[in-house]
Amino acid sequence: MIYLSNNTGEFMETLYHLAIPEAFVLEGINMKTKLAIGGFLAIALLIVPLLAHHSFSAEFDGTKPIHLQGVVTRIEWANPHVYFYIDVTGADDKVENWGCETAGPGGLLRRGWKRDSLKVGDHVTVNGYRAKDGSRLADARHITLPDGRRIFGGTPGDGGPGDPAAKSPGA
Amino acid sequence: MLREFCQWLYDSTIGTSIRESIWVFPIIETIHVLGITLLIGTIAILDLRLLGLVLRREEVSRLASQILPLTWAGFGVMFVSGFLLFWAEAAKCYANPAFRIKLLLLILVGLNPLVFHLTIYRSVLSWNEQLVTPLRARLAGFFSLTLWGGIVCAGRAIAYFQK
């Protein structure tokens with residue numbers, strides 16, 4: 001027997017009746033099954049928002065900002081995310097190639113970042129956040145293009161720092 | 001061999017233009033997501049009937065014959081839109097663990113109805129009206145729902161392993 005408080009049980013039963021159309025409601029279904037289905041729906045409702053719109057925190061770490069300056073070596077103008085790669089020269093003169101992820105072509109174009117706004121050999125400045133797996137990959141939140149424009153590079157609604165679609169004051 | 005094929009698809013004119021498009025890629029993506037409702041929605045109706053959870057007064061064979069054309073239509077939409085998305089991202093999909101798991105699950109989910117139709121479904125007329133269907137039919141319904149659920153999850157996860 002599963003012990004459920006009256007309120008929880010009622011909530012799950014209500015969920016069950018909300019979710020299952022009248023025509024599908026089973027004859028002679030017992031309360032335990034109703035509660036089980038309702039419980040499953042409750043868990044599903046909790047999980048779905050966690051899965052949606054977390055492409056930033058799924059890959060990148062909002063507590064690890066990074067500032068990169070370098071020369072563009074490659075551009076992947078592609079859906080669903082545009083990537084560009086830059087050679088960054090460190091203090092010890094060692095060159096490291098960094099991948100920078102941005103929004104897709106549609107999102108960038110709406111912000112005035114055209115396909116030819118960035119070319120191989122261009123010098124760019126990127127302010128972003130490092131990938132969680134520690135690889136040389138960053139979510140490029142702000143990019144200073146060769147013409148001096150500073151453009152938001154993130155995906156709207158990804159919940160990352162500076163996301164214009166987020167409602168939080170930290171945005 | 002397979003990797004070269006994926007790279008060739010990726011570099012092809014059509015693959016490249018879908019990948020670099022502004023509208024075509026998201027439109028195909030949207031169709032692929034909407035298609036889930038047609039494909040898995042109709043499959044779920046039959047699976048849940050086999051499990052004895054919905055439409056228990058309907059004969060299984062009648063339900064199946066009405067629903068199957070819709071399921072095939074959904075499969076067509078999913079296959080075409082899915083292949084176009086793969087075409088655009090083939091070289092990245094090749095190395096993507098989520099994509100590999102998805103393909104594996106797709107093979108398994110294809111075997112399930114094959115076994116079902118070749119075995120227990122042959123005698124459907126003898127259990128057509130049963131509220132609770134034979135164990136093997138219920139198992140087929142259960143595996144179908146579980147595998148399709150896994151395929152949707154693996155499909156969604158592709159985006160998180162695409163580098």
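In what follows, chains are A, B, ... by sequence order, proteins preceding strands, each numbered from 1. Keep in mind it's a predicted model, so treat the numbers as computed, not measured.
No more than 12 heavy atoms of other residues, nucleotides or ligands shown are found within 6.0 angstrom of NZ on A:Lys64. For B:Phe142, the CZ atom sits in a loose shell: 12 or fewer heavy atoms of surrounding residues, nucleotides or ligands are nearer than 6.0 Å. Heavy atoms from other residues, nucleotides or ligands lying under 6.0 Å from NZ of A:Lys114 number 12 at most. Heavy atoms of other residues, nucleotides or ligands lying less than 6.0 angstrom from CZ of A:Arg149 number more than 12.
With sequence neighbours excluded, the residues that form a ring-ring contact (aromatic ring centres under 6.0 Å, His included) with B:Trp72 are B:Phe75. Residues satisfying the side-chain hydrogen bond (donor to acceptor under 3.5 Å, both in side chains) test with B:Thr71, not counting sequence neighbours, are B:Thr42.
Here the side chains of A:Pro80 and B:Glu89 are in contact, with some heavy-atom distance below 4.5 Å.
Listed by sequence position, B:Glu20, B:Ser21, B:Ile22, B:Phe25, B:Pro26 are the residues of residues 20-36 of chain B in contact with chain A, using a 4.5 angstrom heavy-atom cutoff.
Across all non-hydrogen atoms, the minimal contact from B:Tyr160 to A:Glu59 is O-CG, 4.5 Å.
Pairs engaging residues 101-112 of chain B under the side chain to side chain donor-acceptor pair (under 3.5 Å) rule: none recorded [sequence neighbours left out].
Heavy atoms closer than 4.5 Å to chain A are found nowhere in B:Leu85, neither backbone nor side chain.
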